[in-house]
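Shown next, in structure tokens, is the structure this report addresses.
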2 protein chains.
Amino acid sequence: MPGTRERLIDAAGEVFARRGFREATIREICIAAGANVAAVNYHFGDKDRLYLAVLRETHEAAVTHFPPDMGVSDDDPPEVRLDAFVRSLLMRLLHEGRPAWHAQLMAREMSDPSPALEALVEQSVRPMWKRLTGICRELLGEKAPKRAVDTCAASVVGQCLHYKHASACMRLLVPGLCSEVATLASHITRFSLGGIEATRREGQGPC
Amino acid sequence: MPGTRERLIDAAGEVFARRGFREATIREICIAAGANVAAVNYHFGDKDRLYLAVLRETHEAAVTHFPPDMGVSDDDPPEVRLDAFVRSLLMRLLHEGRPAWHAQLMAREMSDPSPALEALVEQSVRPMWKRLTGICRELLGEKAPKRAVDTCAASVVGQCLHYKHASACMRLLVPGLCSEVATLASHITRFSLGGIEATRREGQGPC
DNA sequence: CCATGATTCAAACAAGTGTTTGACTCGCCC
DNA sequence: GGGCGAGTCAAACACTTGTTTGAATCATGG
């Protein structure tokens, strides 16, 4: 049985990912960790610093378990790297268990920011964003305007995050749609490649 | 000066849209409405029924102010109707003020459901979903599998909702991107038409 | 074995929440 | 004017939240 501090981070990761920072209660976390309510204050100071510790802790677990490049190299064609990016993000968002906590915490921070958002964006989100915009720029061509690159990247991550953010609604609307992650990833990649190609053609003007 | 009941619904619409059902407090709503805390209990019974009243009230304001067809007819080509759908949804989500409350409440319900989600889906979301899947089916061709129709529709609304759900994050990532609604709508329409076309080609298999 | 510091515990605390109460005010009809 | 019902109000209630407290327990080195 690991120490109380580790059990608290484990339990807090699960509860924060499932209920969000505000909805999660220290009592629920401590019960799940088999610890006393005062343990959080003793080991971390307060709820905020426990949350920051969880963000720091889960970051590594996420990148090692779901490498953002999924094993493809920077020399592979951008279509392959886009597919790897989508597949990695979707798996992080929809998987269950510890390695998925970090992406789910990021998704929650986006739709309901806590004071930790800014640090989280700089630490975790911006590197992924840079990777994605790099892929998009390659697909759009070097002379594509920055705005086209950004909106295309937003379209890609918007499709992926939708299955997390609106999962409760989608389950009611189209039962069973969110279950097959691999199929969803294939669709999003194909859809996005088509969308990026259409954006590229538009930028070149009529010919 | 309208009656207390009307002022409460007005204030509650603004507060619920901005803070969500759980984060909004009766006291904040009552102060904004210039009413006593007991007024909610007197006029609506409890917080839940005030929330339901707000959902009912704002629904009409939304559809009359931002008609989902934006004036285009069912006989217009599906490309035009898709553009109208995207533009209408995006304006609802990103505008400020009373007519936008309903869409923002829907967006909040999706990412953080309250007991009212199911009723809201049946009343407001499913009709819009039916309209969108109809457009997608037309673009994909009649023999397109149901799953392709659903995933394409999800890709379209996912892109739109992203600018609402992740607005705090996107503001940090790409300042200024979320400001020009009309440009965003044009991009999403073009991107989606390209994505749907790619999905259609895939469905027909190699030729 | 015991002293000392780290850790745990039940209990309490202060602040905030939705809700209820009972007195009070106001307008209206007989 | 008097009674009456609808509406309003300050105050309190019951409950949950994060946090603190001070004693009890444990572990470890002398």
Side-chain angles (χ1 to χ4, degrees), chain A residues 1-57 101 105 108-109 111-117 119-120, chain B residues 1-58 101 105 108-109 112-117 119-120:
Chain A
M1 181 120 144
T4 304
R5 194 193 146 90
E6 285 69 34
R7 296 203 318 276
L8 277 176
I9 290 209
D10 259 38
E14 195 274 329
V15 175
F16 280 141
R18 178 163 44 81
R19 310 238 294 155
F21 175 69
R22 278 171 247 268
E23 291 288 313
T25 74
I26 288 188
R27 279 170 177 81
E28 178 180 1
I29 291 170
C30 288
I31 290 175
N36 187 271
V37 278
V40 166
N41 197 264
Y42 179 77
H43 286 281
F44 299 93
D46 55 17
K47 188 184 177 184
D48 294 75
R49 274 174 284 183
L50 167 62
Y51 185 58
L52 291 175
V54 168
L55 288 180
R56 221 178 307 119
E57 197 85 4
W101 293 343
L105 292 172
R108 282 212 168 265
E109 277 294 322
S111 70
D112 190 18
S114 84
L117 173 65
L120 189 67
Chain B
M1 181 123 146
T4 304
R5 194 193 144 90
E6 285 70 33
R7 296 204 317 276
L8 277 176
I9 291 209
D10 259 39
E14 194 274 330
V15 176
F16 280 141
R18 178 164 44 80
R19 310 238 293 155
F21 174 70
R22 279 172 248 265
E23 290 288 313
T25 74
I26 287 188
R27 279 169 178 81
E28 179 179 1
I29 291 170
C30 288
I31 289 174
N36 187 271
V37 278
V40 165
N41 196 263
Y42 179 78
H43 287 282
F44 299 95
D46 55 17
K47 188 184 178 184
D48 295 73
R49 273 174 284 183
L50 167 62
Y51 185 58
L52 291 175
V54 168
L55 289 181
R56 221 178 306 118
E57 197 83 6
T58 54
W101 291 345
L105 291 172
R108 280 212 169 266
E109 276 295 322
D112 190 18
S114 83
L117 172 66
L120 189 66

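Just so you know, these numbers come straight off a predicted model, no measurement behind them. Both backbone and side-chain heavy atoms feed into the values below; hydrogens, waters and symmetry mates do not. A, B, ... follow the sequence lines: proteins, then strands. Residue 1 opens every chain.
- Within the 4.0 Å cut-off from OP1 or OP2 of D:dA10, at least one side-chain nitrogen or oxygen of B:Asn36 is found.
- Counting to the nearest Å, the C1' atom of D:dT17 and the CD1 atom of A:Ile26 are 9 Å from each other.
- Within residues 48-56 of chain B, no residue is approached by DNA chain D to less than 4.0 Å at the level of any non-hydrogen atom.
- Remark: P of D:dT19 and OH of A:Tyr42 are 17 Å apart, rounded to the nearest angstrom.
- Partners of B:Asp48 under the side chain to side chain contact (heavy atoms under 4.5 Å, CB included) rule, at least two apart in sequence or in another chain, are B:Phe21, B:Asp46.
- One atom, NZ of A:Lys47, and another, C1' of D:dT16, lie 12 Å apart when rounded to the nearest Å.
- A salt bridge (charged side-chain N to carboxylate O under 4.0 Å, His left out) check over residues 29-44 of chain A, counting only residues at least two apart or in different chains, returns nothing.
- Between A:Asp46 atom CG and D:dT17 atom P the separation is 17 Å, expressed in whole Å.
- Taking a heavy-atom distance under 4.0 Å as the criterion, the stretch of DNA chain C touched by chain B extends 5' to 3' from C:dT17 to C:dT21.
- The heavy-atom pair separating A:Lys47 from A:Phe16 by the smallest distance is CE-CE2, 4.2 Å.
- Here B:Glu23 pairs with A:Arg22, B:Arg19 under the side chain to side chain contact (heavy atoms under 4.5 Å, CB included) rule; sequence neighbours left out.
- B:Ala17 is linked by a side chain to side chain contact (heavy atoms under 4.5 Å, CB included) to B:Trp101, B:Gln104, B:Leu105, counting only residues two or more places apart in sequence or in another chain.
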